[in-house]
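Worth saying up front: this structure is predicted, and the values here are computed from it rather than measured. We're numbering straight along the sequence, starting at 1. Excluded from the calculations below are hydrogen atoms, water molecules and symmetry mates; all remaining heavy atoms, backbone and side chain alike, are included.
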Amino acid sequence: MTARKSGSRLETEIERCRSECQWDKIPELVRQLSAKLISNDDLGELLLGECKLQTYLKENPLKQGASPRGPRPKLVEVRKHLTAALDRGNLKASHYGKVSLDDMQLVGAPVYRLSMIAEAYATKGLCLEKVPAASPSLSNKNTGSPSSVKSTSDREQEIITCYEKSGDIALLYLQEAEKALSAGIQNRSPKPGPTSQDIELGYFLETGLQRAHVIHFKNGNLTRGVGRFREILRAVESRTTQSLRMTIARQLAEILLRGMCEQSYWSPLEDPPTVSPLDDPTRQGHVLSKNYSLSRRPRVYSGENLFCPQENTEEALLLLLISESMANRDAVLSRIPEHNNDRIISLQSASVVYDLLTIALGRRGQYEMLSECLERAMKFAFEEFHLWYQLALSLMAAGKSARAVKVLKECIRLKPDEPTIPLLAVKLCVGPLHWLDEGESFAKMVIDMGEKAAEFRAKGYLAVGLVYSLKATDASLRSTQEEYQRKALGAFQRAQSLSPTDHLAAFYLALQLAVSRQIPEALGYVRQALQLQGDDVHSLHLLALLLSAQKHYHDALNIIEMALSEYPENFNLLYTKVKLESMCRGPEEALLTCKHMLQIWKSFYNLTNPSDSGRGSSLLDRAITDRRQLNAMTLPDFSDPETVSGSSSSRSGSEQLSPVSPSTISTFSSPLSSPMSSPLSSPSSPVFTFQPLPPPISPSFLCPTPLPPTPTRTRTQSFSTHITLRQLSSTSGLQDANIHGFPYMFSVCSVHATSIAASRVEQALSEVASSLQSSAPKQGPLHPWMTLAQIWLHAAEVYISMSKPAEAAACTQEASNLFPTSHNVLYMRGQIAELRGNMDEAKRWYEEALSINPTHVKSMQRLGLILHQLQRYSLSEKVLRDAVQVNSTAHDVWNSLGEVLQAQGNTAAATECFITALELEASSPILPFTIIPRAL
């Protein structure tokens, strides 16, 4: 009796070790069991054979399609133990025929027996796949029925059933094994048992879990494959299956992203459709469905508050975020040689997850979230170019330009011979950041690559030309401007010679010539650009401005209308159209265009104007009734090229800013040495040398080729999305930019250093003033509201031209409600005050505008004229000379300066100013050429 009790205890201990895979303890327990038992039993031989077999498989894991070669002495020992048990005669061969795998009970079965049953089903499935379809009796489920040849469909169904049963039972086994360990069963042994990480799936269990969905996909049954994925993922997780779950989640996410659309998607909690467009249409009549049941199934997650995805992208994103969390948690960071293979595998797995995250989040435009995910990957991205490059691109798309440049520098270090990386850095530096020195260094990197850069070398010259062009606009000294303009023209000509079929090289060369007021030469190159790319919106816009500079306003308006037929949502074109219509068709037509712009703004951004309450709404209603609807207008800075307002704010009429003293104005740039200095870009001035121009082309080039559909707000245009204006503030990171082909705010050009500082002050003032406003706060990005404010100011300018100060004041107030401290709004208030004859008030508004932006040329010009009327000639001359120093091509400033000098009796200098004004006016466009964005 004592021996029997002792044997029972040992058998229990052996069963526990088998369930916990502690095979090293089995031989000692078998020895003790053999000593306790009275009769010599076959159990010991079977246990020793199993123990040595499992130990061998652990040391030499099976692999698909690979079989170990050469002598295997350990397997010989296993064979001896199993043969010894059979040779005793206690185990009859007839007993095997009575064993039915389907009849084995799962309820109450020991943990290790579940593993054996799962492996048996997996082995059966493997055998059925290997044996030819015509082979009898093997696939008859051992039921004793006569052998028969089954149809292909039934055979496939049986194979899949074996694998699915194996996978379900394997999940059940792993759950029960972990549950047994957590319950403290291992504490019965003298030494602590192994942790659950030591439980390995093994070849057969892993095959059972992964083979079924592979067959489904191979047979074209995508619906059942996705369903099988979901069944495995819904099962309660165990530590052993974490790596497998990450792999399955990633594979399912890839299928959802690449192989399933919203119409064919069904919820994970719903039954799959019987007929699905996902499945192979040639096998619709042979769909393999689940036709088995188990007495005990693995536990699944359940509850009332579980999140359930409602569309394919949502489910894919959920799966990828789970996979990303697991990949980050299990990342191998050690760089010692022993862990090199594990680290490479970990990195490859994580890279696949992040690539799929890029697809999923990119579809939704969630670049901010994508950049945050990729930042988490940086801990194991040392010297890994792909992840660094993905992070840089996501930061660019998220608008984090400064950080993107820093990451691109690391990418350049990793791949110094790749020209596209510094070109991306140049794009950011000359665009939203306005880091011109850094942009120049990046562009020269591409040029210095020489032949390694191949076709990108021309892009390098194009980039350095853009940098020089922007530096010329920023320069305050005329000599510096001329030097940078020469360099820009030379770089653009070099780019065109390297890539004569690139329309951008011809376009930017034409634009630089236009800025330098060499109109005939610019016309030749812009026609060449349109021959190369007939639907380029910026080339068409430049052509219209050049025609307006030659005073062909009707032809320019026809070009703008033709371009708008292809790009109806391009606000830059609409701004120019307002100006041309005021000139050609009268202000009433321009106001109708302003109304159309407002309608476009509302449909484009789908936002609610915070000023659409009270007086603003009534103003719009009145405008509708009298053909003066002005709802949605965005104004590019319709002022001088050098005027910039970073944050485009306006101020409300109730706010009173302290006026600027004359001493403040005197801090502007130094006056010109003489008003008779030759203008920077006189049409007759032979400052630049050019290559031979192409012959004029026929007017047929004005008929562009068919264009792509009009862009929507969710589509990003690769080369039409230009960031041209400057940084809005140091805190918000917003920039004056050209998004989807329209300018970002109150500026259309580059800025001086003083203007950048002014823009930051203006942003801070705008934020403080906005906090005191009673209107609704502006939510989200500021550029839609900046665009709306620009539209109101355009309408105000049209009303001023109609001598209607009340309507102009109402429109200006609407812009002021959006941005209370914009220098453009202050300038417009000064214009209205002048229209009403209140010169003192107008002077105060202009001084306040200059306190925000000291280089606003139009405010300087109007202030100089008022000072002239007040007979303060010396101060008026000082202000106007500063304005000419800022923008030497402003003909109205030269004319005003001539009037002041004439009033002072300096007729010779006044004559030179009037002549310069006439020469510049002859080539002055309806809007500054710099309204066209200059960016890669």
Side-chain angles (χ1 to χ4, degrees), residues 473 475-482 515-517 549 637-643 660-685 687 749 752 754-755 823 827 830-831 834 839 842-843 845-847 849-850 853-925 928-930:
T473 306
S476 57
L477 296 178
R478 182 176 304 173
S479 59
T480 307
Q481 291 177 356
E482 292 178 353
V515 171
S516 302
R517 297 297 178 88
D637 199 355
F638 45 84
S639 55
D640 301 304
E642 283 71 20
T643 61
V660 179
S661 63
S663 61
T664 304
I665 302 177
S666 65
T667 61
F668 298 169
S669 55
S670 60
L672 298 177
S673 58
S674 170
M676 283 135 354
S677 302
S678 61
L680 171 64
S681 54
S682 173
S684 60
S685 178
V687 178
C749 54
H752 298 286
T754 54
S755 297
H823 70 269
Y827 167 76
Q831 290 280 88
E834 276 196 79
M839 295 303 167
K843 174 176 173 291
W845 288 122
Y846 293 140
E847 289 174 343
L850 290 171
N853 186 358
T855 59
H856 189 233
V857 174
K858 284 200 170 185
S859 294
M860 298 170 75
Q861 189 253 342
R862 299 308 304 174
L863 179 61
L865 284 179
I866 291 177
L867 292 172
H868 169 57
Q869 295 177 20
L870 297 176
Q871 298 184 355
R872 300 176 64 179
Y873 299 120
S874 297
L875 184 57
S876 175
E877 181 184 354
K878 169 67 171 62
V879 173
L880 291 172
R881 286 180 181 273
D882 287 346
V884 170
Q885 185 76 7
V886 172
N887 181 14
S888 59
T889 60
H891 64 276
D892 49 355
V893 179
W894 281 103
N895 185 70
S896 300
L897 181 59
E899 292 177 1
V900 173
L901 292 173
Q902 185 180 23
Q904 292 178 306
N906 192 348
T907 55
T911 301
E912 290 293 333
C913 289
F914 289 140
I915 292 174
T916 301
L918 285 173
E919 290 177 344
L920 291 174
E921 194 277 336
S923 61
S924 177
F929 290 113
T930 47

Checklist entry - Closest heavy-atom contact between Gly898 and Ala910? => result O-CB, 3.3 Å
Next on the checklist: Which residues pass the side-chain contact (heavy atoms from CB on, under 4.5 Å) test with Thr911, not counting sequence neighbours?
Outcome noted: Ile915
Checklist entry - So, does Ser876 use its side chain to make a donor-acceptor pair with the main chain of Arg872 at under 3.5 Å? => result no
Item to check | Closest approach of Ala842 to Gly830 (non-hydrogen atoms, all atoms of both residues) | outcome: CB-O, 3.4 Å
Item to check | Stepwise side-chain contact (heavy atoms from CB on, under 4.5 Å) test for Asn887 and Val893 | outcome: CA-CA 9 Å; Asn887 181 14; Val893 179; over 6 Å; no
Checklist entry - Got a sec, which pairs hit salt bridge (Lys or Arg N to Asp or Glu O under 4.0 Å) with one end in residues 859-868, sequence neighbours left out? => result Glu834-Arg862
Item to check | Exercise: identify the closest heavy-atom pair between Ser859 and Ala849 | outcome: OG-CB, 3.6 Å
Item to check | Derivation of the side-chain contact (heavy atoms from CB on, under 4.5 Å) call for Asn895 and Glu899 | outcome: CA-CA 6 Å; Asn895 185 70; Glu899 292 177 1; 3.3 Å; yes
Next on the checklist: Do Lys843 and Leu867 make a side-chain contact, defined as non-hydrogen atoms from C-beta onward lying under 4.5 Å apart?
Outcome noted: yes
Item to check | Nearest atoms (heavy-atom pairs only) where Val879 meets Met860 | outcome: CG1-O, 3.3 Å
Checklist entry - Side chains of Ser888 and Gln481: closer than 4.5 Å at any heavy-atom pair? => result yes
Item to check | Approximate separation, where rounding is to 0.5 Å, of Leu870 CG and Leu865 CG | outcome: 11.0 Å
Next on the checklist: Going by the rule side-chain contact (heavy atoms from CB on, under 4.5 Å), which residues pair with Gln904 if we only count those two or more places apart in sequence or in a different chain?
Outcome noted: Tyr873, Ser874, Glu877, Val900, Leu901
Item to check | SG-CG distance between Cys913 and Leu897, expressed to the nearest 0.5 angstrom | outcome: 4.0 Å
Checklist entry - Below 4.5 Å, heavy atoms only, C-beta onward: do Tyr846 and Lys858 meet side chain to side chain? => result no
Checklist entry - Do Pro925 and Arg517 have side chains that get closer than 4.5 Å, going by heavy atoms? => result yes
Checklist entry - At what distance, to the nearest 0.5 angstrom, does CG of Leu880 lie from CD of Gln861? => result 7.0 Å
Next on the checklist: So, taking the atom named NE2 in His891 and the one named OG1 in Thr889, what distance separates them when rounded to the nearest 0.5 Å?
Outcome noted: 10.0 Å
